[in-house]
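The block underneath contains the structure these notes are about, expressed in structure tokens.
For ligands, and for the atoms within them, numbers begin at 1 and follow the listed sequence.
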Amino acid sequence: MGAMPEEIHHLTHHLKQRSVRDSGMRTYYQGKLSGIPTVIVFSRWGKVAAAATATNLILEYGVREIIFTGVAGALHSDLNIGDVVVGKNLYQHDMDATPLMPRYEIPLLGKQFFETPPARTEAALEAAGRFFKNIKHYVSEAELAKFDIRAPKVVAGDIASGDTFVSAHAHKEHITSGLPGVYCVEMEGAAVAQVCYEFGIPCTIIRTISDAANESAEVDFPRFIETVASRYSEGIIRELYKKI
Ligand code: SAH
């Protein structure tokens, strides 16, 4: 699953024996990627949309694991635009049913976050590391320079998801004051992780940092997605598939 139409677009070109089907306002591309039966779909934005897409992948297509890619805003001060975060624990930062249950707890599951399997996290970290070695094959030096991407890195860290695009410092502070260890913020990961948890299948969440989740994020968002983030997703997924 990709959180941007542009990023799934590049990957669908690598699918062999491709077939395409529309369902519930989504387009599902089915085929083989590196010989592995795969379905590629744009998640759409926000927790509900991503959860519905994940559920459909599991029930209609019988997928046995989900790999999610997209962009995110940095919360951790060590992160720069162009870095990659592989999700460890996934929080829903806007879930708050206090005083009925502790803040962030997902009703009826008794969990404040969803873990991703360590072996999957490790495989994604290694794939991103291999991708960075070949990054110039995917992203031109001019584009890397435009976004000031010099020595991009990949880290494993916790991710917060919620139904808001975080672009104000006060909002960022509100999230990090409750979840101080969280690396980045986005709008889908923890919803996909919840669906995977409920169906008992593994999930991997891979996020490219596109902004600093504040007013000063001077990113040309559409251009970053088209020339950088979408190529990251393509490259990292292809590297990951080589080792499955
Ligand atoms: N391309 C769209 C913008 C989509 S933004 C447009 O131009 O209108 C929403 C996507 O960016 C979601 O997938 C979300 O997960 C991610 N995202 C990136 N930075 C974020 C931030 N600072 N806060 C929340 N979500 C962010």
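Partners of E7 under the salt bridge (Lys or Arg N to Asp or Glu O under 4.0 Å) rule, at least two apart in sequence or in another chain, do not exist in this structure. Not a single salt bridge (Lys or Arg N to Asp or Glu O under 4.0 Å) links K32 to another residue, sequence neighbours left out. Applying the salt bridge (Lys or Arg N to Asp or Glu O under 4.0 Å) criterion to K136, with sequence neighbours excluded, gives no partner residue.
Judged purely by distance below 3.5 Å, without hydrogens or angles, the side chains of E186 and S161 pair a donor atom with an acceptor atom.
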Evaluation steps, salt bridge (charged side-chain N to carboxylate O under 4.0 Å, His left out), between R231 and E234: CA-CA 5 Å; R231 307 312 301 267; E234 178 191 10; 2.8 Å; yes
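Aromatic ring centroids of F132 and Y232 lie under 6.0 Å apart.
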Could you go through ligand 1 and list every pair where one of its N or O atoms sits under 3.5 Å from a protein N or O, giving the atom names and the distance to one decimal?
from	atom 1	to	atom 2	distance (Å)
ligand 1	13 (O)	E188	OE1	3.1
ligand 1	13 (O)	E188	OE2	2.9
ligand 1	15 (O)	M187	N	2.8
ligand 1	15 (O)	E188	OE1	2.7
ligand 1	15 (O)	R207	NH1	3.3
ligand 1	19 (N)	G73	N	3.4
ligand 1	19 (N)	D211	OD2	2.8
ligand 1	22 (N)	V166	O	2.9
ligand 1	22 (N)	D211	OD1	2.9
ligand 1	23 (N)	V166	N	2.8

